[in-house]
Amino acid sequence: MRFKRIRNFFKKKNSTPRNNRKKVGILLFATSIGLFFLFAARLTYVVVVGDVAGHSLKEMTANLYQGSRVVKAKRGTIYDRNGVVIAEDATSYSIYIVLWDTYVSGKTKLYAEEKNFDKIADVLQEQLGSKKADVLTALENGKKNNAYQIELGTETKNLTLEKKKKIEEALKGDPDDDKDDIAGVYFKDHPNRIYPNGIFASHLIGYTDTEVKDNQENVVGRMGIEKAYDDILKGTDGKIVYQQDNYQNPLPGTVAEEKPAKDGQDIYTTLDSRLQLYLESLVDETFAEYKPENMTAMLVEAKTGQIVSLTQRPTFNPETKAGTEKEGFNWMNLLVEDHYEPGSTMKLMTVATAIDQGVFNENETFLSGEIKVADTTIRDHDLGAKGILTMRQALSWSSNVGMVTLEERMSDALQQHLKYFGFGTSTYSGLPSENAGTLPTDNVVDKAMSSFGQAINVTNFQMMRAFTAIANDGKMLKPQYISKIVNPETNKEKVFQTEVVGNPVSADAAKKVREYMVDVTQSADYGSAYGVYDVPGYNIGGKTGTAQIYNAETGTYYDTGSNYLYSIVEMIPAEEPEYILYMTIKKPEKWSQKALGHIGNPLLKRAMDFKESEEPQPSEKEEEKIAVADYRKLAVDTAAADVSRSGLVPVVIGTGKEVAAQSTPQGTELLPSEKLILKTDGSDFYMPDTTGWSKADLMKIGKLFDIEVKFEGEGYCVAQSIKPYERIEGKTLTFTLK
């Protein structure tokens, strides 16, 4: 009824224009009042609650006036064994110039003023070689286009700290003339890596690149140790939070939060820079003179397996990348990634095996020249030149016929011993893309050829591993290139101990082979390297190799010119070796044994001189324990390489492709160089060589395979009931300790 009256009232008033205007005014006024109270209510809510559309005003305000920056962790330094720097962190700088006239602090102008453009161009021309006209054009265009800041040419990037300081000094005003500093020129720092020695085992040490992630520049390892140990070297970045002004400039003294960076760990290699630099210069000379496709050289301490120097050609400078642009350059680390047929240096392992098998009589004679195996004729390198040889001379004169004769007497023993020497299995060096090589096929001709180093593919590291057994009276060592890893946060270190990885031959056999190796270098009539390899005051044991190279395109071996892989292994002194030197040279344009002699003789002389004056330096740092990771379900080679990098010794049992179980649970702490057994998937498991193992390590095998373990005697293992490389079967394992 009341609504009806109101409606009638308005109907009565609707008849005149004046009333219509009054009604519109009332409606507009009422609407304005309603909107005002609605806005006031919303504003009150925002002020009280501090939230707009789900966003906190407090947080947004804090973000506007709060800045942060990453505190870069220092990448770990790589040293040689004596603490000489091989690779270390550095900072490079690039120039940028701010042009906006709003970039001020109080009354101080922080931008580049037009009146100073000429002086800025002069300084950059003088200090960096920039073209003055180009700098002026860039500055004027930037100002014209209202650019906040500009960057210039490549010459203003990758600047050293010294160059940065010179530019800053040149831009300073003269107090005597009452001139202010020239503002607006700033430097952005970039992480960098320097390699003070230039070419220095470059493929082993590796190099780094700068990678941008989340707007941050990071140094990332791309090869060798830099890549393999990247997670250890790089550390963990920190963070600083601070207050900033309207222009996002940091306000001094306003750090609100600081998370310190954790620097990367330092790696000490086994390399000796004195010998490494000498080796690099010697190899340079030979490479330039003989112009081969590639070369390698590696010098190892016989008693420890530690690599004191190694290199390959072609090579490069890891800091400047000079050399990578040359024709024929190979990024591959030939020492672990390349596999090849080694040739006659393999005869050392053949003769040692034959001695242990009781089929070698050094005074037995045979007719050299050629021998028939199935439908293949195998020939000596000097067909018929020597005629009747003794078996001892078969090694020194490098007779293929003599080696095949021995192989035929051993049935499959040589093939089994090739496995004992580690051929066909990775050395688990921890370096990227390591090749495991290949064993001979079951073809009778391939088996025969393997006795003199053909029809079998090996890596440089595998050959050195096998040579250590000859040098160490049957005890085979893993080639090592890391001596210790030092954690700067805890001041603790992980020391990499000598790793015994097998005992393929007896001490008597190894000693006899070294005796015969002296004939190679010192026998005038039957020494294949007589008069070439000589270090005054020492007997050198040597064995040369001349391997045919397989041509995959034709399916045959090259047999013309210098299409061979030439090599030499030397041990000094032969009676009880301190060093093993192994060198290869592939497809030289010309060839002479002197090519490798010019490297080996002076290098070994210097190494022995250093050895006599050397004194061991005890470490004062506490040894750091290693937390075992979970390797289950990882690829075997990946897992074993990671175990090796961590400082533990991987022992792989099984022929599967993935790790099914491990002897020590994840998270358990072990001392460096303790064994971690990895059991693969599948059903074929073969016994490792456990000579020298402790009782605790032997019990790990029993636990992994649920086999009862029995011991006879005390000490370390000297015999095992299941021989190396025999299938693990039965319910009991017996070990003899001494």
Side-chain angles (χ1 to χ4, degrees), residues 62-63 65-79 83-96 157-162 164-165 168 186-196 205-244 248-269 318-319 482 484-494 621-627 629 642 645-647 669:
N63 290 336
Y65 294 101
Q66 181 173 281
S68 66
R69 68 178 176 88
V70 172
V71 180
K72 301 300 295 182
K74 178 181 178 294
R75 189 174 178 85
T77 302
I78 301 176
Y79 298 95
V84 176
V85 172
I86 298 174
E88 66 179 337
D89 258 12
T91 301
S92 64
Y93 302 88
S94 62
I95 290 176
Y96 67 96
K157 296 174 172 58
N158 295 318
L159 306 180
T160 63
L161 177 61
E162 181 182 8
K164 171 179 176 283
K165 288 180 177 178
E168 288 174 330
Y186 298 97
F187 295 85
K188 185 185 294 183
D189 60 312
H190 307 273
N192 203 1
R193 194 78 162 161
I194 61 171
Y195 300 84
I205 301 301
Y207 71 99
T208 60
D209 270 343
T210 302
E211 181 180 82
V212 178
K213 186 177 181 182
D214 298 329
N215 294 321
Q216 292 293 328
E217 289 183 310
N218 301 292
V219 173
V220 180
R222 296 299 190 198
M223 179 190 281
I225 293 173
E226 292 278 26
K227 180 178 180 180
Y229 290 82
D230 189 61
D231 57 338
I232 291 173
L233 287 164
K234 68 183 181 182
T236 304
D237 291 341
K239 187 177 183 180
I240 289 179
V241 178
Y242 52 82
Q243 297 299 308
Q244 58 190 16
Q248 281 70 58
N249 301 314
L251 295 174
T254 62
V255 174
E257 179 185 344
E258 185 172 1
K259 177 185 175 184
K262 292 184 178 180
D263 292 339
Q265 298 183 51
D266 298 328
I267 292 178
Y268 286 75
T269 68
E319 188 169 337
I482 302 290
K484 62 182 178 180
I485 298 176
V486 178
N487 188 333
E489 297 288 327
T490 62
N491 205 33
K492 293 182 179 180
E493 62 184 23
K494 291 186 290 189
K621 290 183 172 62
E622 184 181 346
E623 198 164 40
E624 184 174 22
K625 289 188 176 181
I626 301 165
D642 190 72
R645 282 194 296 269
S646 74
E669 291 189 338

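None of the values given here were measured: they were computed from a predicted structure. Because only heavy atoms are used, hydrogens play no part in the values below, and waters and symmetry mates are left out as well, while side chains stay in.
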Practice task
Give the minimum heavy-atom separation between Pro488 and Val486, together with the two atoms involved.
Solution key: CD-O, 3.4 Å

Handout entry: Distance-only polar pair, side chains of Ser94 and His190, donor-acceptor under 3.5 Å
Key = yes

Handout entry: Lys/Arg N to Asp/Glu carboxylate O, Asp237 vs Lys74, below 4.0 Å
Key = no

Practice task
Please determine if Arg222 and Glu226 form a salt bridge, counting it only when a charged side-chain N lies under 4.0 Å from a carboxylate O.
Solution key: no

Practice task
Evaluate the side-chain proximity of Leu159 to Ile95: yes if any heavy-atom separation is below 4.5 Å, no if none is.
Solution key: yes

Practice task
Identify the heavy atoms of Pro196 and Glu88 that sit nearest to each other, and give their distance.
Solution key: CG-OE2, 4.5 Å

Exercise for the section: Examine distances only and state if a side-chain atom of Glu319 and a backbone atom of Tyr195 form a donor-acceptor pair shorter than 3.5 Å. Expected result: yes

Exercise for the section: Compare all side-chain heavy atoms of Asn192 with those of Thr91 and state whether any distance is below 4.5 angstrom. Expected result: no

Handout entry: Spatial distance of atom NZ (Lys494) from atom CD1 (Ile267) [nearest 0.5 Å]
Key = 9.0 Å

Practice task
Output, in order, the C-alpha distance, side-chain angles, deciding distance and verdict of side-chain contact (heavy atoms from CB on, under 4.5 Å) for Tyr79 and Thr269.
Solution key: CA-CA 6 Å; Tyr79 298 95; Thr269 68; over 6 Å; no

Practice task
Please determine if Glu493 and Lys484 form a salt bridge, counting it only when a charged side-chain N lies under 4.0 Å from a carboxylate O.
Solution key: yes

Practice task
Spell out, as yes or no, whether a donor-acceptor pair under 3.5 Å connects the side chain of Thr208 to the backbone of Val220.
Solution key: no

Problem - Backbone of Val219 reached by a side-chain donor or acceptor of Glu211 within 3.5 Å - result: no

Fill in the blank from the handout: Of all heavy-atom pairs linking Gly206 and Pro318, the shortest is O-CB, 3.5 Å

Problem - From CA spacing to verdict: side-chain contact (heavy atoms from CB on, under 4.5 Å), Tyr268, Ile86 - result: CA-CA 9 Å; Tyr268 286 75; Ile86 298 174; over 6 Å; no

Handout entry: Side chains of Ile482 and Ile225 in contact at under 4.5 Å (non-hydrogen atoms)
Key = yes

Practice task
Locate the shortest heavy-atom distance separating Ala73 from Gly235; write the atom from each residue and the value.
Solution key: CB-C, 4.1 Å

Completion exercise
Exactly one candidate in Arg193, Lys234, Arg75 meets salt bridge (Lys or Arg N to Asp or Glu O under 4.0 Å) with Asp89; the answer is Arg193

Practice task
Mark yes when over 12 heavy atoms from residues, nucleotides or ligands other than Lys262 sit less than 6.0 Å from its NZ; otherwise mark no.
Solution key: no

Handout entry: Nearest-0.5 Å distance that lies between atom CG in Leu233 and atom OG1 in Thr77
Key = 9.0 Å

Practice task
May I have the step-by-step check of side-chain contact (heavy atoms from CB on, under 4.5 Å) for Phe187 and Tyr96, ending in yes or no?
Solution key: CA-CA 6 Å; Phe187 295 85; Tyr96 67 96; 6.0 Å; no

Handout entry: Salt-bridge contact Lys227-Asp230 (side-chain N to carboxylate O under 4.0 Å)
Key = no

Practice task
Find out whether Asn218 and Thr210 are in side-chain contact, i.e. whether some heavy atom of one side chain is under 4.5 Å from a heavy atom of the other.
Solution key: no

Practice task
Kindly indicate whether the side chain of Asp266, heavy atoms from C-beta on, has any atom under 4.5 Å from the side chain of Ile485.
Solution key: no

Exercise for the section: Determine whether Glu624 and Asn487 make a side-chain contact, defined as any pair of heavy atoms from C-beta on separated by less than 4.5 Å. Expected result: yes

